[in-house]
Amino acid sequence: MSALASKALSRRWWSKHFLIATLLSVIGLGFVIVEIRDLLDQRQQMITIALVAPMSGKDAEVGREMARSVRLYLDQLEEDARIELRILDDKGDPRQAEQIARQLAGDDDVALVLGHYAKEAALAAAPIYRENGLPAITGTVTADALILDNSWYFSLLPVDSSQGAQIAAFINKVLGVRKASIVYDSDGYGSALLKGFEATADGLGMELVSRIAFDRQSGGLDAELESVAATLRAMGDPGMVFLATHPAEGVKLITSLYGEGLQFFGPDSFSEERFLELLNTYPQEKVKPGYFIDGVFSTVPMIPDIAQRQAKEFHYHFERRYQQAPGWIGAAYRDAAMLGVSAITKAASEGRSGTPASLRAAVKFHLSQTNMPERSMFGVMGNIQFDAHGAAVKPLPVAVFKGHNRVSYREQLQLVRDIRRIENPLREILEGRLLYQNDRFNHRTKVVYTGVDINEITNLDVSDSSFTADFYIWFRTELELDPRQIEFLNAAEPVELGDPVVEELNADGLITYTFRVRSQFRGDFDFYRYPFDSQELPIRFKHSTLTRPELIFVPDVMGMRMGEDKGGAREAGFQAISGWNYYKALFYQDEISNNSSLGIEKFFEDSYALEFSRFNATVTIARDATSFILKNLFPMFFVILLSYVTFYISNYNPRLNMVASALLTAAFFHLKLSAGIPVGYLVAIEYFFFAVYILIGIALLASITTHRLFEYASSKGEAGARAGIWAIKIDLIGRIIYPILVVVMIYAVIARFTGFGWG
């Protein structure tokens, strides 16, 4: 080829490729413009939730927990959820809260407010939210004045007067105490608790021995508290002493009256961390936790042992992400975020987000519609249902202090969801199984403290999702428990508990029944992420005859050696499972329903659900993916390498043989590994093989193409020179591009199924 012809050919080659590059650039620019437009559209459709919390000041740690909990929930939503979180710091100051409320009310992007944490801040902001039609949800403020006079404010807890009424009913009906005394702070909190307690106690015919007030805002608080303590000492028998106080005053009264033989019942303020922090300033509590408070009762917004799986998962993910455990405040604002997002989503789906005012009104409407059992939502803190005023409808759990642990009392109140399903409510009330309080009916439910200590997990069989578990199981209860009535729901064969290895009556009148079980159980294994999968090994059981209104299993958090926190003891039983690593353990109770009309005519239209308390002991193990890959997929590295080497070989027959060998080897390993997966859907490892097939296919296509180009070049002589050049270029490009494709495709598969690398 002459030099002139070569230059002309070169110019034509560059002109052609310049046009191709320009065309590709235009197409790419079009994609960029479309993406930017979509992002702008999404930005225009973003709906803002404002979280107002004390991000600085004395309650800054609480504010951080609130913000982290809400962020954690929003991050777990689907990608198309167009919710933006805005965090504002009110410092717990009413004036700052008022300024922020005015700012949010005038911001058309804000559809909902979560907060405030402090009562004073919420009360200062509430009139502004009401006047501007901006709905708000608090997870902490229980002041009657906040909720009862403001239809735009919702609380995930009962108001103070309702709590006071519940405590009076619990003391009288559940604890069997006939007389009580009330010590209360004369501020809004203590006065509201007093009001509810007094009204219910009078209705029950309960004797109120004394009502003793003090003012914590007075300059002589210490003298007032000393006078209160002296009055109680002088009474002789004041009955159960209800301390309607804040944490600091409660601690001072309990410690000063230690040794007087008095019983104390505290409100939800005793569940604040400050209560234990103040106790820890006393040397007796440092030496022996619970020295002053063992046996003290209090209501709590949430008790971990009663919590269901949702709470356990929230706790696990929060601790894993932030390296600290959340408290009930974090759980409350996680639920507030869930409730708010649900209301916003419903409003937007109805097309009621046209104007800020219409969106806010629709959000408020959907929040207020959570006022019936069938419309309630289930969150970390349990069932969420509002009354006509926007306050939560639920009895608060009652805990008793054991050391510094708040443990569920042996009997709890549970809201009756549908009184029509109770055959004779009056008889149930007279016989003490049903309690009418706060215009609601509540079941009196016996608590069974339940423990499972796993000794060993063996014989893991992924082909039928089964495993063998060797464990101790015990029940501590005041009920006479027949072991034949414990039904293991996922046992591969019937489990008979037999005679207990321990049967012991303790000083509290509770009997402990302990059994040892070794049996086979079945799980429901999910192999979608195989070999990056983790599997749950569950042990689930319920009582065969006693329903949830009669009995509830709760994890014996103090008794179980194998707790949910990190520790070697709980991992010891899992060393026998080769190729798997211990991941986490969860112990929780939940509900299981048997939907049936039972042949009763009045339930034909609305199926009667028998609800049972189910105990779940679940251990999650994760496959050792690194070991699996080295053992089973390392040969595939050589298969890919074999395909890559073909770009350095010009002889067609050896090249084709190498590609064919790579394909057959990959297919053999694919079939071998797939045979051990007992599912009909695609799993992660198959996507890896699909990627390998694509890479082999590229090598095969390149081999055939270069061979045909070389054949054409040899048959056309000088006229086919360009074909030979292109054949060489394909191999050169393959040597560069192929390794990049290998890395990108393998990375894509790993990122897709492990989350590694995705923002």
Is it the case that the side chain of [X] and the backbone of [Y] share a donor-acceptor pair, with hydrogens and angles ignored and the cut-off at 3.5 Å?
X    : Y    : value
S613 : F553 : yes
D89  : M55  : yes
N172 : V177 : yes
N616 : T618 : no
S69  : G330 : yes
S298 : S269 : no
E411 : V174 : no
Y588 : Q310 : no
R86  : L104 : no

State the [atom1]-[atom2] distance between [X] and [Y], to the nearest 0.5 angstrom.
X    : Y    : atom1 : atom2 : result
S544 : E487 : OG    : CD    : 6.5 Å
D187 : H246 : CG    : NE2   : 3.5 Å
F386 : I147 : CZ    : CD1   : 8.5 Å
F615 : Q589 : CZ    : CD    : 9.5 Å
I137 : I384 : CD1   : CD1   : 8.5 Å
I306 : Q412 : CD1   : CD    : 4.0 Å

Assess, by modelled atom type and distance only, whether the side chains of [X] and [Y] contain a donor and an acceptor separated by less than 3.5 Å.
X    : Y    : result
R68  : Q324 : yes
Q163 : T299 : yes
E550 : T547 : yes
R440 : Q166 : no

Pair Y333 + Y117: ring centers closer than 6.0 Å: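 No, they do not, as the ring centres are separated by 6.0 Å or more.
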Aromatic ring proximity F264/F270, centre distance under 6.0 Å: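 Ring centres of F270 and F264 not closer than 6.0 Å.
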Looking at every non-hydrogen atom in both residues, tell me the closest pair between [X] and [Y] and how far apart they are.
X    : Y    : answer
L112 : P135 : CD1-O, 3.5 Å
Y322 : R71  : OH-CB, 4.1 Å
K394 : N383 : CD-O, 4.0 Å
V159 : A143 : CG1-O, 4.3 Å

Flag side-chain contact, heavy atom, 4.5 Å: [X] against [Y]:
X    : Y    : value
I83  : M46  : no
F401 : L276 : yes
L413 : L435 : yes
T370 : F154 : no
L415 : Q385 : yes

Criterion side chain to side chain contact (heavy atoms under 4.5 Å, CB included) on K173 and L204, from CA distance to verdict: CA-CA 9 Å; K173 292 295 186 181; L204 294 172; 3.7 Å; yes
Report, as yes or no, whether the 6.0 Å neighbourhood of atom [atom1] on [X] holds more than 12 heavy atoms from other residues, nucleotides or ligands.
X    : atom1 : value
R540 : CZ    : yes
D524 : CG    : no
R95  : CZ    : no

W152 and N132: CA distance, side-chain angles, deciding distance, side chain to side chain contact (heavy atoms under 4.5 Å, CB included) verdict: CA-CA 10 Å; W152 289 85; N132 292 274; over 6 Å; no
Geometric class of the F170/F265 ring pair [parallel <30°, tilted 30-60°, perpendicular >60°]: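 It falls in the perpendicular class, over 60°.
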Salt bridge R309-D590, side-chain N to carboxylate O under 4.0 Å: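 Salt bridge: no.
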NZ/NE/NH1/NH2 to OD/OE distance under 4.0 Å, K346 and E350: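 Salt bridge flag = no for E350 with K346.
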